[in-house]
Amino acid sequence: MDFKIIKNLGLDVRHVRAIDDDTLIITSRVNSLVDNFLINYYIYDLKTNKRKEILESIKKYDFFEIINMSSKKNIIYFSTRSNNNTQKEIITIMCYDILTDKVSNVYEYKDNLSLYEEEKEVKFFILNHKYMIIQHGYLKPSNSNEYGEISDFEIYLIDTTTNEEYEIIDNRFINKGIDSFYRIGDSLYAIKLGKSLKVNNSWQYYNESDMHSEYIAVFNIHQFVSDIITNQKKIYLDIIEKEKWAKTIGEMIFVDNYLIYNKTEYPSMKEEYVFYNIKDKSVLSWMDVDLEYKDAKNINQIIINHSPYILLKNDGINELIDLKNNNQIIVISNKGEFKEAFNDIMIFQKDKKGLFNRTPKTEVYFYPNFSPLLKEKGILSGCVNSGNNIVLIIK
């Protein structure tokens with residue numbers, strides 16, 4: 001596999017993904033004194049090293065997350081706004097097809113955008129070409145009214161072909177909200193309900209009786225949609241994890257057939273790092289029980305060559321813990337900050353100390369012998385595997 005370096009792009013890159021072997025979609029923040037949420041999308045051709053802004057005449061915003069789980073990589077979803085001279089603005093979700101160059105409206109609603117900073121949070125989940133979910137999260141104060149967090153939810157399934165809306169009435173969704181959502185197979189999806197209590201140290205502000213259970217579960221999308229449309233009070237979910245108060249579940253991601261997350265015990269704050277294999281339903285985990293230097297450690301859960309590892313950085317030393325081989329420890333000479341892994345490739349960001357300044361470097365290594373493959377001056381702002389190349393965007 002080859003490496004492709006893109007330098008001096010002149011964009012504040014927020015996200016990059018590959019459409020095919022030779023095409024990237026780059027999302028960048030727009031620096032504006034008027035619109036804080038402005039973003040742009042670009043098509044980048046790896047063959048010609050040229051970029052083209054998508055729908056330059058339409059202003060695009062990131063007021064909220066739009067999580068696209070559709071199998072069609074050529075479709076981009078984004079939001080726009082228009083003021084109808086009332087307190088509430090019209091917000092439109094649009095989609096753009098890169099292959100056909102066609103744009104269309106998917107969904108439209110009215111809302112007060114001034115609430116979005118602190119009092120309200122909205123998420124969109126694109127399930128497939130027909131269905132999406134909109135989640136409205138509202139600020140809920142603690143018992144003392146000294147603190148509040150987004151923990152009161154209204155969630156709807158939307159049929160984008162008919163604009164029909166179906167409210168989700170399952171209390172597991174309403175009480176905790178959807179934290180993350182992944183498509184893990186043709187019809188199989190994984191969901192995490194509830195944000196980790198550790199994020200805002202919610203133990204300090206709420207009582208155990210105020211809290212509801214957090215879940216990680218998988219389900220068939222056809223059954224899921226059917227249950228919502230028929231107003232089932234309990235949607236069928238295959239529960240993988242269920243925790244409440246004494247343990248809380250951290251952020252969940254999906255990589256190479258593994259659901260990856262951690263669990264924090266309260267009040268000990270011991271952490272367990274979990275890899276759940278969706279194919280054979282096996283679980284590998286590692287427990288961090290050494291709390292003495294907890295704040296000085298940096299722990300990553302990564303997949304290398306389809307196997308789970310813990311990457312532990314402690315006192316400037318990087319160590320790989322091989323969970324499939326009795327937690328064998330492999331010391332890595334590179335002392336940089338881990339950024340990404342692609343199969344047997346590991347990418348680090350390193351601050352290189354010079355005599356008068358620091359020149360950061362992006363360094364790429366081959367696993368398992370950690371031979372250097374690439375060293376490039378600059379800060380890594382995005383990386384992706386396009387199929388033919390590992391693309392590094394460096395500024």
Side-chain angles (χ1 to χ4, degrees), residues 15 17 19-20 25 27 39 41 43 54-55 57-82 84 88-111 113 120-137 153-170 172-174 177-191 193 217-237 254:
H15 185 256
R17 66 183 177 95
I19 298 299
D20 55 38
I25 298 298
T27 308
I39 55 172
Y41 293 89
I43 300 174
I54 295 173
L55 301 173
S57 61
I58 299 176
K59 286 188 175 182
K60 308 164 200 69
Y61 298 87
D62 65 343
F63 301 120
F64 37 70
E65 287 186 272
I66 302 178
I67 294 90
N68 182 9
M69 291 170 280
S70 169
S71 59
K72 296 183 178 180
K73 292 185 177 181
N74 54 296
I75 303 294
I76 298 172
Y77 292 86
F78 60 90
S79 62
T80 65
R81 67 191 287 191
S82 58
N84 58 350
K88 291 188 175 182
E89 296 192 49
I90 299 172
I91 302 167
T92 305
I93 304 298
M94 307 182 76
C95 72
Y96 173 72
D97 190 327
I98 295 171
L99 300 180
T100 63
D101 196 32
K102 290 183 179 180
V103 62
S104 58
N105 291 358
V106 177
Y107 180 71
E108 189 173 276
Y109 72 106
K110 293 181 180 180
D111 212 346
L113 291 174
K120 185 174 182 180
E121 179 184 85
V122 174
K123 289 184 178 181
F124 281 89
F125 303 94
I126 311 297
L127 302 181
N128 52 35
H129 67 284
K130 185 176 183 180
Y131 291 107
M132 72 178 188
I133 286 175
I134 179 173
Q135 174 173 283
H136 300 273
F153 299 93
E154 294 176 1
I155 311 172
Y156 298 89
L157 175 74
I158 299 164
D159 185 332
T160 61
T161 62
T162 64
N163 289 325
E164 290 185 81
E165 297 185 10
Y166 305 92
E167 186 173 6
I168 294 178
I169 59 175
D170 187 327
R172 295 171 297 179
F173 287 75
I174 298 168
I178 302 170
D179 187 53
S180 56
F181 217 141
Y182 288 93
R183 185 175 190 159
I184 60 176
D186 289 340
S187 301
L188 198 63
Y189 289 67
I191 195 169
L193 300 176
V218 298
F219 58 85
N220 181 285
I221 189 62
H222 305 297
Q223 178 72 52
F224 180 76
V225 169
S226 175
D227 285 351
I228 296 172
I229 291 175
T230 56
N231 290 316
Q232 298 299 313
K233 290 185 177 180
K234 198 162 187 178
I235 297 167
Y236 177 77
L237 300 173
F254 177 63

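This one's a predicted model, so the numbers in the text were calculated from it and none came from an experiment. Nothing fancy with the numbering, it's 1 onward along the sequence.
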Asks: Tell me, do Tyr41 and Ile98 make a side-chain contact under 4.5 Å, heavy atoms counted?
Replies: no
Asks: Taking the side chain from Lys60 and the backbone from Ile58, do they hold a donor-acceptor pair closer than 3.5 Å?
Replies: yes
Asks: Measuring from Ile168:CD1 to Phe224:CZ, what's the distance to the nearest 0.5 Å?
Replies: 4.5 Å
Asks: Tyr109: which residues meet the side-chain hydrogen bond (donor to acceptor under 3.5 Å, both in side chains) condition with it, sequence neighbours left out?
Replies: Tyr116
Asks: Apply side chain to side chain contact (heavy atoms under 4.5 Å, CB included) to Ile75 and Ile126, showing your working.
Replies: CA-CA 11 Å; Ile75 303 294; Ile126 311 297; over 6 Å; no
Asks: For Lys73, what residues pass the salt bridge (charged side-chain N to carboxylate O under 4.0 Å, His left out) criterion, not counting sequence neighbours?
Replies: none
Asks: Where do Phe78 and Tyr96 land on the ring pair (Phe, Tyr, Trp, His ring centres under 6.0 Å) test, with the steps shown first?
Replies: CA-CA 8 Å; Phe78 60 90; Tyr96 173 72; 7.7 Å; no
Asks: Sequence neighbours left out, what passes salt bridge (charged side-chain N to carboxylate O under 4.0 Å, His left out) with Asp97? Give chain and number order.
Replies: none
Asks: Nearest 0.5 Å please: distance from the CG atom of Leu193 over to the CZ atom of Arg172.
Replies: 7.5 Å
Asks: Angle between ring planes, Phe254 versus Tyr182, binned at 30° and 60°: parallel, tilted or perpendicular?
Replies: tilted
Asks: Under the side chain to side chain contact (heavy atoms under 4.5 Å, CB included) rule, what do Tyr131 and Thr160 come out as? Steps first, then yes or no, please.
Replies: CA-CA 6 Å; Tyr131 291 107; Thr160 61; over 6 Å; no
Asks: Take Thr80 and Lys59, measure what side chain to side chain contact (heavy atoms under 4.5 Å, CB included) needs, and give me the verdict at the end.
Replies: CA-CA 6 Å; Thr80 65; Lys59 286 188 175 182; over 6 Å; no
Asks: So, Ser79 side chain and Tyr61 main chain: donor-acceptor pair closer than 3.5 Å or not?
Replies: yes
Asks: About how many Å separate OH of Tyr77 and OH of Tyr107, when rounded to the nearest 0.5 Å?
Replies: 15.0 Å
Asks: Show the atom names and distances, to 0.1 Å, of all donor-acceptor pairs under 3.5 Å that link a side chain in residues 184-191 to residues at least two apart or in another chain.
Replies:
unit_1: Ser187; atom_1: OG; unit_2: His222; atom_2: NE2; d: 3.4
unit_1: Tyr189; atom_1: OH; unit_2: Leu127; atom_2: O; d: 2.6

Asks: Report the residues that fulfil salt bridge (charged side-chain N to carboxylate O under 4.0 Å, His left out) with Arg81, sequence neighbours left out, ordered by chain and then residue number.
Replies: Asp35, Glu89
Asks: Measure the CD1-CZ distance between Ile174 and Phe153 for me, rounded to the nearest 0.5 Å.
Replies: 11.0 Å
Asks: First locate atom NZ of Lys110, then atom CD1 of Ile91, and finally report the distance between them rounded to the nearest 0.5 Å.
Replies: 11.5 Å
Asks: How many angstroms lie between atom CG of Asn220 and atom CG of Asp227, to the nearest 0.5 angstrom?
Replies: 10.0 Å
Asks: Return the set of residues passing salt bridge (charged side-chain N to carboxylate O under 4.0 Å, His left out) with Asp20 (not counting sequence neighbours), or none when no residue passes.
Replies: none
Asks: When you measure from the side chain of Asp170 to the backbone of Ile235, do you find a donor-acceptor pair of N or O atoms at a distance under 3.5 Å?
Replies: yes
Asks: Going by the angle between their ring planes, with limits at 30° and 60°, are His136 and Tyr156 parallel, tilted or perpendicular?
Replies: perpendicular
Asks: For the residue pair Ile133 and Phe181, establish whether any side-chain heavy-atom pair is separated by less than 4.5 Å.
Replies: yes
Asks: So, Lys123 side chain and Asp179 main chain: donor-acceptor pair closer than 3.5 Å or not?
Replies: yes
Asks: Walk me through whether Asp111 and Lys120 qualify under side chain to side chain contact (heavy atoms under 4.5 Å, CB included).
Replies: CA-CA 10 Å; Asp111 212 346; Lys120 185 174 182 180; 2.5 Å; yes
